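These numbers were taken from a predicted model, which means no experiment stands behind them. Every chain is numbered from 1, with letters handed out A, B, ... down the list of sequences.
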Amino acid sequence: MIEKLEALTAAGTLPDGLSFANVTVEPPRDALHGDLATNAAMVLAKPAKMKPRDIAEALAGLLAEDARVLSADVAGPGFLNLRIDPAVFQGLIPEILTKGTDFGRSNIGAGRKVNVEFVSTNPTGPIHVGHTRGAVFGDALASVLDFAGYNVTREYYINDGGAQVDVLARSAYERYREACGHAPEIAEGLYPGDYLIPVGEALKEKYGDSLIDKPESEWLADFRLFATDAMMDLIRHDLALLGVEMDSYFSEKSLYGSGKIEAAIASLDAKGLIYTGTLPPPKGKLPEDWEAREQTLFRSTEHGDDVDRPVQKSDGSWTYFAPDIAYHYDKIERGFDELIDVFGADHGGYVKRMKAAVSALSGGEVPLDIKLCQLVRLLKNGEPFKMSKRANNFILLSDVVEQVGRDVTRFVMLTRKNDAQLDFDFAKALEQSKDNPVFYVQYAHARVHSVLSKAGTPSDSALQAADTSLLTNPAEMALLKKLAEWPRLAQLAATHHEPHRIAFYLFELASEFHALQHLGKVDGALRFILADQPALSQARLAMIRAVAVVISAGLGILGVTPRDEMR
RNA sequence: GGCCCCGUAGCUCAGCUGGAUAGAGCAGCUGACUUCUAAUCAGCAGGCCACAGGUUCGAAUCCUGUCGGGGUCACCA
């Protein structure tokens with residue numbers, strides 16, 4: 001399309017120097033308007049100082065010369081509707097069968113290195129259901145990017161440097177005392193979870209009872225290390241249940257004492273972005289205990305933030321923000337071309353400062369996109385389910401996966417935009433699982449498998465030879481056109497960082513397939529397998545095999561299993 | 001009070017970075033299997049796209065404001 005526009009420019013029909021950036025070519029919403037439509041004439045009319053219809057006419061004339069274009073009609077205010085030769089769509093089938101699940105893979109990423117950081121829960125316990133969405137989202141997003149030709153690294157940032165790991169160590173100490181036969185004293189503020197009991201026992205194995213009643217200074221550091229390692233094992237195990245595998249785990253603690261924090265701050269300082277000062281009080285309600293303090297500040301307002309942010313506390317120690325800066329600095333130094341952070345919506349307040357930091361550290365060279373996942377509201381029989389620490393009734397990721405299954409969990413979480421709130425009704429997911437869209441998609445895949453096995457499970461190479469020009473029924477063409485959308489859709493999901501588009505597309509594709517299969521029940525001539533028409537049957541089998549391949553590719557990206565049977 | 005996200009059918013949500021008559025799924029009503037899985041399909045009904053302005057050939061989409069819902073807000077990570 002762009003080529004044609006350039007040709008028009010060259011021919012002098014259009015003036016030089018027009019931007020084609022806003023020109024789109026896409027399948028119209030209404031099939032009556034043809035197979036493809038473009039708004040080129042309307043977008044260009046103004047800058048070219050020409051009437052939209054004149055541009056459209058010129059473009060139509062040029063496009064009509066292309067053998068693949070059956071007709072090019074100007075409609076409405078200047079839309080150009082194209083009818084494409086069915087052979088283009090029919091030719092898709094052998095291509096899909098040849099490429100397999102690589103069909104739709106693109107290279108728009110051009111091998112650019114992308115770091116997707118996600119989950120990153122504190123290493124103080126197993127993964128809680130609230131983090132499941134971020135885990136699924138980040139993993140699917142990483143796959144989407146990989147499919148689009150990016151070089152993706154999945155990374156987990158271990159928050160093992162702060163005060164909460166001291167709390168963990170103390171909690172583990174109580175469990176250690178318990179293992180040694182003493183009554184544990186789980187004070188307010190410590191982690192009461194049962195998952196620390198085995199850690200206490202393991203600590204007894206290692207240390208005997210030599211540390212009982214010893215001062216904290218003698219065991220805190222060791223216990224901290226031991227307990228966080230144990231928690232990371234738990235977390236890795238939980239992630240594995242979901243099918244999430246990280247490429248890299250990055251420890252916050254490793255930043256301390258390595259000079260990395262100092263180096264990152266120095267880098268900002270060199271740009272004149274670090275100063276000592278006093279922040280104004282927060283606007284609106286003034287906290288009771290607020291008092292002016294002099295701190296080391298990062299001039300994040302220079303990079304789009306609302307206020308400058310402290311990197312050092314008044315006593316000179318680092319704030320949590322300082323290692324975060326150093327961590328992102330490290331990512332930049334590792335040579336990533338793009339960064340993506342997946343946060344929970346409760347961290348929305350850090351977006352601007354983090355972007356400011358990355359912008360400053362990379363000189364604006366490395367884009368950082370922060371995807372916020374709205375928290376999941378758990379429902380039980382339509383009632384909000386409240387979790388409380390005291391009652392110890394936290395629902396864990398492992399609970400969800402064990403009860404509703406990995407596929408359902410993942411698909412439900414991905415059938416929603418990341419920034420929309422999500423209700424997850426436990427009872428519904430369990431009892432009415434038949435209504436779950438994931439089964440609808442898997443069922444389509446299973447049906448294809450079933451039909452193919454009825455036909456003797458022909459090989460893909462055999463199906464590639466099918467004469468797909470026999471596929472002319474409107475319902476078949478509709479299915480083929482839906483298949484044709486896949487590569488473009490996969491690319492859009494990648495450029496927009498929106499894996500949910502894959503889920504919705506798969507649902508639509510499955511819908512087209514189910515409709516077509518059902519037509520065979522109403523009209524016997526449309527059945528996939530016709531004993532007296534082997535060539536047509538072969539073509540149809542090739543078509544539905546192509547459907548299964550694309551479903552399989554899409555589900556693969558989402559981390560959902562394509563099933564061969566639903567029984 | 002500042003900032004961020006959301007507001008689309010009774011409910012849960014899409015809507016392809018501005019396109020043609022706004023779409024699905026549940027729920028409701030009518031129908032469709034002696035055949036490749038009915039975990040399916042076809043149809044009906046359901047809408048001031050929160051509200052008011054603005055930008056232009058054209059707005060659910062972009063801008064401003066208002067109203068609702070959620071999140072967050074100086075040494076906690």
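When the nucleotides B:C41, B:C36, B:G15 are ranked by their closest atom to the side chain of A:Ala515, B:C41 comes out on top. You'll find that the side chain of A:Tyr440 is closest to B:C41, out of B:C41, B:G19, B:C4. Taking the side chain of A:Asp419 as heavy atoms from C-beta on, and the options B:C13, B:G19, B:C6, the nearest nucleotide is B:C6. Candidate nucleotides B:A14, B:C4, B:C5 were compared by shortest atom distance to the side chain of A:Lys352, and B:C4 ranks first. You'll find that the side chain of A:Arg416 is closest to B:A14, out of B:C75, B:A38, B:A14. Side-chain atoms of A:His518 lie closest to B:A32 of the nucleotides B:A14, B:A32, B:C5. Closest to the side chain of A:Glu498, from the set B:G15, B:C3, B:C41, is B:G15. Checked against B:A38, B:A14, B:A20, the side chain of A:Phe79 finds its nearest nucleotide in B:A20.
A salt bridge is absent between A:Glu485 and A:Arg488: the closest approach of a Lys/Arg side-chain nitrogen to an acidic carboxylate oxygen does not fall below 4.0 angstrom. Ion pairing of A:Asp341 with A:Lys331 is present here, as a side-chain N (NZ or NE/NH1/NH2) and a carboxylate O approach within less than 4.0 Å.
Taken residue by residue, residues 488-496 of chain A places heavy atoms nearer than 4.0 Å to RNA chain B at A:Arg488, A:Leu492, A:His496.
Inter-residue side-chain proximity for A:Gln164 and A:Tyr191 is flagged as met; some heavy-atom pair is nearer than 4.5 Å. Side-chain atoms of A:Thr124 and A:Thr228, non-hydrogen and from C-beta on, never get closer than 4.5 Å to each other.
Using a 4.0 Å heavy-atom cutoff across all strands shown, A:Ala455 reaches no nucleic acid atom at all. Using a 4.0 Å heavy-atom cutoff across all strands shown, A:Asp160 reaches no nucleic acid atom at all. At the heavy-atom level, A:Phe507 lies under 4.0 Å from the strands shown only through sugar-phosphate atoms. Using a 4.0 Å heavy-atom distance criterion, A:Arg527 is classed as a base contact. Counting non-hydrogen atoms under 4.0 angstrom, A:Gln312 reaches nothing in the nucleic acid. Residue contacts for A:Gly162: at a heavy-atom cut-off of 4.0 Å it reaches the sugar-phosphate backbone alone, with no base atom in range. Looking at heavy-atom distances under 4.0 Å, A:Gln517 makes contact with a base. Counting non-hydrogen atoms under 4.0 angstrom, A:Phe504 reaches the backbone sugars and phosphates but no base.
A cation-pi arrangement is absent between A:Arg353 and A:Phe298 under the rule of less than 6.0 angstrom and at most 45 degrees off the ring axis.
Spacing between atom NE2 of A:His347 and atom P of B:C4 amounts to 19 Å, rounded to whole angstrom units. Counting to the nearest Å, the C1' atom of B:A20 and the CG atom of A:Asp73 are 15 Å from each other. When rounded to the nearest whole Å, the span between CG of A:Asn436 and C1' of B:A27 equals 17 Å. Between the CZ atom of A:Arg309 and the C1' atom of B:C76 there is a distance of 15 Å, rounded to whole Å. What separates CG of A:Leu519 from C1' of B:U35 is a distance of 15 Å, to the nearest Å. In this structure, the CG atom of A:Leu506 is 15 Å from the C1' atom of B:A24, given to the nearest Å. Remark: C1' of B:C41 and CD of A:Glu512 are 13 Å apart, rounded to the nearest angstrom. Separating the CD atom of A:Glu485 from the P atom of B:G15 is a distance of 14 Å, rounded to the nearest angstrom.
Each of A:Gln374 and A:Ala37 has a nearest nucleotide on RNA chain B; the 5'-most of these lies closest to A:Gln374. In terms of position on RNA chain B, the residue among A:Asp346 and A:His514 whose nearest nucleotide sits closer to the 5' end is A:His514.
When the P atom is compared between B:C63 and B:C41, the two are found 38 Å apart, to the nearest whole Å. Comparing B:U17 with B:C13, their P atoms sit 23 Å apart, to the nearest whole Å. Taking atom P in both B:G25 and B:A14, one finds a spacing of 16 Å when rounded to whole Å. B:C67 and B:C76 have their P atoms separated by 34 Å, given to the nearest Å. One C1' atom belongs to B:C26, the other to B:G69, and the distance between them is 23 Å to the nearest Å. Atom C1' of B:C51 sits at a distance of 14 Å from the matching atom of B:U8, rounded to the whole Å. Using P as the reference atom, B:C5 and B:G47 are 31 Å apart when rounded to the nearest Å. The same atom, P, is picked in B:G18 and in B:U40; the two are 36 Å apart, to the nearest Å.
Contacts of A:His514 classified as ring-ring contact (aromatic ring centres under 6.0 Å, His included), with partners at least two apart in sequence or in another chain: A:Tyr440, A:Tyr443. With sequence neighbours excluded, the residues satisfying side-chain contact (heavy atoms from CB on, under 4.5 Å) with A:Leu519 are A:Ala475, A:Leu516, A:Leu526. Residues passing the ring-ring contact (aromatic ring centres under 6.0 Å, His included) test with A:Phe79, sequence neighbours excluded: none. When the side-chain contact (heavy atoms from CB on, under 4.5 Å) test is applied to A:Glu252, the partners found at least two apart in sequence or on another chain are A:Tyr157, A:Asn159, A:Asp160, A:Tyr256, A:Pro323.
Not a single donor-acceptor pair under 3.5 Å links the side chain of A:Arg545 to the backbone N or O of A:Leu463. Judged by distance alone, with hydrogens and angles left aside, the side-chain atoms of A:Arg416 form no donor-acceptor pair with the main-chain N or O of A:His500 at under 3.5 Å.
B:C5 has its base anti relative to the sugar, with a glycosidic angle deviating from 0 by more than 90°.
Remark: aromatic rings of A:Tyr156 and A:Phe118 are distant, center separation not under 6.0 Å.
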Whenever both distances are under 3.5 Å in a Watson-Crick or G-U wobble pair, mark it; put RNA chain B into dot-bracket that way, with [ ] for crossing pairs and | when the partner is on another strand. (((((((..((((.....[...)))).(((((.......))))).....(((((..]....))))))))))))....

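Using a 30° and 60° split on the angle between ring planes, A:Phe513 and A:Phe528 fall in the parallel class, below 30°.
Applying the 4.0 Å criterion to OP1 and OP2 of B:C5, one finds that A:Lys417 has every side-chain N and O outside that range.
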